[in-house]
Amino acid sequence: MLTKVQIRHVLDTMTEMFPDAECELTHSNPFELTIAVLLSAQATDALVNKVTPGLFEKYKTPEDYLSVPLEELEQDIRRIGLFRSKAKNIQKLCRSLIDDYGGVIPQERDELVKLAGVGRKTANVVTSVAFGEPAIAVDTHVERVSKRLALCRWKDSVLEVEKTLMRKIPRDEWSDTHHRMIFFGRYHCKAQSPRCTECPLLDLCREGKKRVKVTG
DNA sequence: CTCCCGATAT
DNA sequence: ATATCAGGAG
């Protein structure tokens, strides 16, 4: 585990590398953001962004998503993958938005996670990006980067990773750090071929040192 | 824990 | 061919 000074160094380095890191899912309101994040499970942002422009043009309100047969919505999002469960969740989500929330995405995380297809990670993204509430959404990138850099323990669950990061990072830096860690993981500390040899954090990364020794 | 699933990189 | 992708439900 890293010291306080080392963690400060990690945060500052990521800020230098990705000063403008932000949500890359295209959206223009909280409802579109929620749909986009739901669709992004086990899919790349790039692919989601290819589908959502047409989707958001066709479906603008919860009522719109409920106005077509399930099979039609499935075909509209088929390219993203996991399309059957996602289409079903979208219609269930829209039904409860109309029935229980006045057709509007709720701002509280405890309410968001009650929506179909919305778990803790998606809820954290929505509260943070759409409503400006400090949060750290632990996705595959944040988990991988946190474990490689020993910001948390290797065996930690995603919930434990989130708690650890919230404890070690100042609250007013949660959202920016969260996005910088995603960029760092997506473009630099990648799952398959991480750029360890050109990494400014290699000296405090056990995983990177091991990897450099093996691969050269 | 398993299952859902197509697109893309390696 | 296989791993991975802004996970969540059962």
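Naming: A, B, ... by sequence-line order, numbering from 1 per chain.
Going from the P atom of B:dT2 to that of C:dA6 covers 23 Å, rounded to whole Å. Taking the P atom of each, B:dC5 and C:dG10 are spaced 14 Å apart, rounded to whole Å.
Of the residues in residues 146-180 of chain A, those lying under 4.0 Å from DNA chain C by heavy-atom distance are A:H178, A:H179. Within residues 24-59 of chain A, the residues approached by DNA chain C to less than 4.0 Å at the level of any non-hydrogen atom are A:L25, A:S40, A:A41, A:Q42, A:A43, A:T44, A:D45, in residue-number order.
Remark: the backbone N or O of A:N124 is paired with a side-chain donor or acceptor of A:T127 at under 3.5 angstrom.
Between A:T122 and C:dG7, a side-chain N or O to OP1/OP2 separation shorter than 4.0 Å is absent. For A:R186 and C:dA6, the shortest distance from a side-chain N or O to OP1 or OP2 is below 4.0 Å. Residue A:R144 has no polar side-chain atom (N or O) positioned under 4.0 Å from OP1 or OP2 of C:dT4. Applying the 4.0 Å criterion to OP1 and OP2 of B:dC5, one finds that A:R84 has a side-chain N or O inside that range.
A side-chain N or O of A:S28 and one of A:E32 form a donor-acceptor pair less than 3.5 Å apart. For A:D12 and A:T15, the side-chain atoms include no donor-acceptor pair closer than 3.5 Å.
Taking atom CZ on A:R195 and atom P on B:dT10, their separation rounds to 9 Å, with Å as the unit. Look at NZ on A:K121: it is 6 Å from P on C:dG8, rounded to the nearest Å. Between A:M181 atom CE and C:dA6 atom P the separation is 15 Å, expressed in whole Å. In this structure, A:I90 atom CD1 and C:dG8 atom C1' are separated by 13 Å, rounded to whole Å. Atom CD in A:Q192 sits roughly 8 Å away from atom C1' in C:dT2 (whole-Å rounding). Atom CG in A:N124 sits roughly 13 Å away from atom P in C:dG7 (whole-Å rounding). We find that CD of A:E74 is positioned 8 Å from P of B:dC5, with the value rounded to whole Å. Distance, A:I182 CD1 to C:dG7 C1': 13 Å, rounded to whole Å.
The residues A:K114 and A:D100 are annotated as not salt-bridged, no charged nitrogen and carboxylate oxygen being separated by less than 4.0 angstrom. No salt bridge links A:E133 with A:R109; every basic N to acidic carboxylate O contact stays at or beyond 4.0 Å. Salt-bridge annotation for A:R144 and A:E207: absent, with no side-chain N of the basic residue lying under 4.0 Å from a carboxylate O of the acidic one.
In this structure, of C:dG8, C:dA6, C:dC5, it is C:dA6 that holds the atom nearest to the side chain of A:H141.
Partners of A:D110 by salt bridge (Lys or Arg N to Asp or Glu O under 4.0 Å), not counting sequence neighbours: none found.
Residue-level contact check: A:K190 touches the backbone only, with heavy atoms under 4.0 Å from sugar-phosphate atoms and none from bases.
The aromatic rings of A:Y65 and A:F31 sit perpendicular, their planes meeting at an angle over 60°, well past the 30° parallel limit. Aromatic ring pairs are classed by plane angle as parallel below 30°, tilted from 30° to 60° and perpendicular above 60°; the pair A:F183 and A:Y187 is perpendicular.
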Requested in this report: Test side-chain hydrogen bond (donor to acceptor under 3.5 Å, both in side chains) on A:D64 and A:T61 and set out the steps.
Outcome: CA-CA 5 Å; A:D64 291 340; A:T61 67; 3.3 Å; yes
